There are 2 protein chains.
Amino acid sequence: MNRSEIKIERIITYRRILLKLYNDGEKNIFSYQLANKCQVSSAQVRRDLMDIGYSGSPANGYEVQCLIKSIAEFIDPDKKQGIALVGLGNLGRAIIDYFNGQSLKLEIVALFDKNPNKINRVIAGCHSYHINDLKEIIIKNNIKTAVISVPSTDAQQVADVLVDGGIKGILNYAPIILNVPDSIYVQNRDMITTLEKVSYFANYNNK
Amino acid sequence: MNRSEIKIERIITYRRILLKLYNDGEKNIFSYQLANKCQVSSAQVRRDLMDIGYSGSPANGYEVQCLIKSIAEFIDPDKKQGIALVGLGNLGRAIIDYFNGQSLKLEIVALFDKNPNKINRVIAGCHSYHINDLKEIIIKNNIKTAVISVPSTDAQQVADVLVDGGIKGILNYAPIILNVPDSIYVQNRDMITTLEKVSYFANYNNK
DNA sequence: AGATGTGAATGGGTTCACAGCA
DNA sequence: TGCTGTGAACCCATTCACATCT
């Protein structure tokens with residue numbers, strides 16, 4: 001079974017849309033309807049849902065609730081997963097506010113900064129620690145996923161400690177390519193690259 | 001010539017790394033060295049550079065300065081481009097701080113919010129307006145690229161005004177799929193989807 | 001009639017492998 | 001010798017197209 005990044009991302013998107021539909025009281029949906037909402041082809045939706053092992057019916061399409069459950073079985077970890085966030089600037093705070101409470105199985109549970117004014121506080125229900133305690137705390141809490149929202153000058157150093165502490169996945173907002181072992185999954189999301197790309201296509205597609 | 005999203009993103013990354021090398025006084029670089037720093041294959045680097053029309057030499061590899069210039073010719077707009085940012089929460093402020101001053105041809109030049117306390121101010125050298133003035137100002141300043149960092153409840157409405165005002169590219173941080181015409185380039189970067197994906201691969205790659 | 005599920009065809013991005021060059 | 005440049009091969013994601021089902 002294919003678990004490419006791009007497919008996983010689509011499936012996560014399907015779920016978010018399905019949850020919205022479920023809350024609106026929708027019971028069933030056809031592949032082309034879900035496809036429209038996600039801006040992919042209906043064949044793509046059918047193929048993806050086939051891969052996760054859920055079957056609809058030609059008459060009624062897919063049952064929203066069952067499909068959500070199948071996606072959860074395919075995607076979600078068995079138990080709740082804690083996430084560490086390093087860097088409590090505007091970006092770090094934004095991420096906590098956006099994220100916590102939005103995902104059933106995932107939660108940011110520990111915050112880190114090097115600024116003494118930002119440690120030993122509670123932000124959005126979450127405790128902040130000095131970055132010197134990073135390794136100890138992620139080990140103690142068995143944290144496998146981390147967000148880096150520190151300036152790029154500090155990012156590699158933070159990554160080294162995270163890897164040392166057993167982290168397996170990193171969401172990196174600093175505009176550098178982190179040097180980590182191949183076994184660590186890294187998703188780079190720096191805003192400079194992204195905005196340059198958007199600007200490029202904004203101009204290029206229209207000349 | 002191929003200008004796929006993924007290639008453009010790589011080329012933008014090459015440039016950022018080359019600029020760093022240039023500042024460090026490096027004159028030349030081989031494809032495999034650049035490849036290592038970007039975590040792609042050397043064949044990929046050579047293919048990408050071939051496509052932008054820059055040639056190196058087998059003896060000395062690529063000249064850093066010339067290559068930066070060639071990339072600029074391939075990627076950059078002819079003149080400076082202004083960018084609008086809508087939504088002045090923590091995320092919006094983080095984006096301004098991260099971005100402005102980092103890109104030669106791009107600059108966030110106008111900020112928008114609906115909260116009266118946040119308008120008519122100057123943040124990082126940039127004026128903030130009420131969102132009611134959004135359309136007028138992007139038209140007057142010929143702005144083609146925008147960032148949406150408002151709550152998801154407001155995002156579609158903002159997108160509609162942006163499209164109405166002639167925007168061609170949108171960087172969307174709200175966790176919804178925007179409904180806009182096909183001719184508009186949209187890059188979705190919501191943190192919930194991203195973090196769910198990172199967590200998935202953190203767990204899945206290691207069991 | 002109008003969906004789903006899926007083998008097969010398609011398309012396009014990446015890598016291979018090697019000629020050419022300093 | 002060891003690199004670049006590149007046609008060709010490869011690989012994998014997407015789409016096609018249609019048998020199947022209700």
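In what follows, chains carry the letters A, B, and so on, assigned in the order in which the sequence lines appear, proteins first and then strands, with residues in each chain numbered from 1. Owing to the predicted nature of the structure, the values given are computational and were not obtained by experimental measurement.
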Please determine, for the side chain of [X], which listed nucleotide ([options]) has the closest atom?
X	options	value
A:Ser4	D:dG5, D:dA13, C:dG2	D:dA13
A:Arg46	C:dT4, D:dT4, D:dT15	C:dT4
A:Gln44	D:dT14, C:dT15, D:dG5	D:dT14
B:Pro58	D:dT4, C:dG5, D:dC16	D:dT4
B:Ala59	C:dG2, C:dA22, D:dC16	C:dA22

### Query
Hey, which of these two, B:Ala43 or A:Ile6, hits DNA chain D nearer its 5' end, going by closest nucleotide?
B:Ala43
### Message
Using heavy-atom distances to pick each residue's nearest nucleotide on DNA chain D, tell me which of B:Met50 and B:Phe30 is more 5'.
### Response
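Nearer the 5' end of the strand: B:Phe30.
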Donor-acceptor side-chain pairing of [X] and [Y] below 3.5 angstrom:
X	Y	value
A:Asn188	A:Asn172	yes
B:Gln81	A:Tyr200	no
B:Tyr14	B:Asp48	yes

Separation of atom [atom1] in [X] from atom [atom2] in [N], rounded to whole Å:
X	N	atom1	atom2	result
A:Asn36	C:dA3	CG	P	12 Å
A:Leu34	C:dA3	CG	P	15 Å
B:Asp48	C:dT14	CG	C1'	10 Å
A:Leu49	C:dG5	CG	P	8 Å
B:Asn28	D:dG2	CG	P	18 Å
A:Asp51	C:dT6	CG	P	10 Å
A:Glu63	C:dA3	CD	P	18 Å
A:Glu9	D:dA13	CD	C1'	15 Å

### Task
Report the relative orientation of the aromatic rings in B:Tyr62 and B:Tyr54; use parallel for angles under 30°, tilted for 30 to 60°, perpendicular for over 60°.
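If you compare the ring of B:Tyr62 with that of B:Tyr54, the planes turn out tilted.
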Side-chain N or O of [X] less than 4.0 angstrom from OP1 or OP2 on [N]?
X	N	answer
A:Ser31	C:dT4	yes
B:Ser55	D:dG5	yes
B:Arg10	C:dT14	yes
B:Ser41	C:dT15	yes

### Message
Counting the atoms with a prime plus P, OP1 and OP2 as sugar-phosphate, which does B:Asn60 contact under 4.0 Å by heavy atoms, base, sugar-phosphate, or nothing?
### Response
nothing
### Query
Below 3.5 Å, does any donor atom in the side chain of A:Arg47 face an acceptor in the base of D:dT14, or the other way round?
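Per atom types, no contact qualifies.
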### Message
Around atom CG of B:Asn23, are there more than 12 heavy atoms from other residues, nucleotides or ligands closer than 6.0 Å?
### Response
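Yes, enclosed.
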### Message
Main chain of A:Leu88, side chain of A:Asp113: is a donor-acceptor contact present, judged purely on distance under 3.5 Å?
### Response
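Flag set: sc A:Asp113 to bb A:Leu88 pair under 3.5 Å.
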